[in-house]
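Report on the following structure.
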Amino acid sequence: MNGLPILRDDCMDEGLDCGTCVEVAARNLAAVCRDLKGKALEHVFLQLYSRRGCRRMFRAYEAAYHAHVEASLIEIAASSDVPRRPVHPAPVRRIAQCA
């Protein structure tokens with residue numbers, strides 16, 4: 001080993017630097033899961049970025065994740081200001097049982 005950090009080949013193949021790579025991954029995770037904290041977030045990061053060279057980017061990943069979660073919550077709150085029609089429950093339908 002020559003002492004250079006081992007980087008993800010797929011990121012480099014796509015032309016992404018480390019900052020852009022973790023930013024995109026954090027944004028995508030925040031879009032589907034907004035309640036990860038601490039060790040759970042670190043676990044997801046280590047599953048995505050298992051190479052030693054990527055580990056130094058966890059703090060950037062964590063900051064980007066929380067920023068995108070906060071932005072999505074603000075967006076949700078802003079969209080809830082729009083008046084909406086009331087939602088009526090669907091009528092209950094009974095199905096006869098056949099033997």
Side-chain angles (χ1 to χ4, degrees):
M1 174 140 312
N2 60 8
L4 295 175
I6 301 169
L7 300 175
R8 289 180 57 126
D9 295 330
D10 51 345
C11 295
M12 295 299 175
D13 290 345
E14 294 295 323
L16 297 175
D17 61 278
C18 291
T20 304
C21 187
V22 297
E23 171 77 23
V24 169
R27 180 180 62 223
N28 290 336
L29 180 62
V32 296
C33 185
R34 289 189 286 262
D35 60 353
L36 290 177
K37 305 248 186 310
K39 291 291 183 183
L41 184 60
E42 185 176 7
H43 179 75
V44 171
F45 176 82
L46 292 174
Q47 293 296 310
L48 292 172
Y49 300 99
S50 58
R51 302 221 176 144
R52 269 186 308 158
C54 298
R55 291 181 189 165
R56 63 184 169 84
M57 295 302 296
F58 174 68
R59 296 291 173 225
Y61 179 82
E62 183 179 37
Y65 171 80
H66 290 301
H68 286 292
V69 166
E70 186 175 325
S72 69
L73 292 175
I74 290 170
E75 185 178 312
I76 289 169
S79 68
S80 66
D81 293 341
V82 177
R84 298 175 187 248
R85 296 185 317 171
V87 177
H88 300 288
V92 176
R93 294 186 180 154
R94 308 245 182 237
I95 299 174
Q97 293 182 347
C98 299

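Computed from a predicted structure; not experimentally measured. Sequential numbering from 1 along the given sequence is applied to the chain's residues.
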> What residues form a salt bridge (charged side-chain N to carboxylate O under 4.0 Å, His left out) with K39, not counting sequence neighbours?
Replying inline: E42

> Between Y61 and V44, is a side chain to side chain contact (heavy atoms under 4.5 Å, CB included) present by the stated rule, with each step listed?
Replying inline: CA-CA 11 Å; Y61 179 82; V44 171; 3.8 Å; yes

>> Quick check: closest heavy atoms across R56 and C18, and the distance to 0.1 Å?
In response: NH2-SG, 3.7 Å

> S72 side chain to V69 main-chain N or O, any donor-acceptor pair under 3.5 Å?
Replying inline: yes

Could you pull out all donor-acceptor pairs under 3.5 Å where a side-chain atom in residues 23-30 meets a protein atom, sequence neighbours excluded?
residue	atom	partner	partner atom	Å
E23	OE2	H68	NE2	2.6
N28	ND2	V24	O	3.3

> How long is the span from the CZ atom in R34 to the NE2 atom in H66, to the nearest 0.5 Å?
Replying inline: 14.5 Å

>> Taking the side chain as everything from C-beta on, heavy atoms only, tell me whether V22 gets closer than 4.5 Å to F45.
In response: yes

>> Does any part of the side chain of C21, heavy atoms only, come nearer than 4.5 Å to the side chain of M57, both counted from C-beta?
In response: no

> Are L36 and H43 close enough, and set up right, to give a side chain to side chain contact (heavy atoms under 4.5 Å, CB included), and what steps lead you there?
Replying inline: CA-CA 10 Å; L36 290 177; H43 179 75; over 6 Å; no

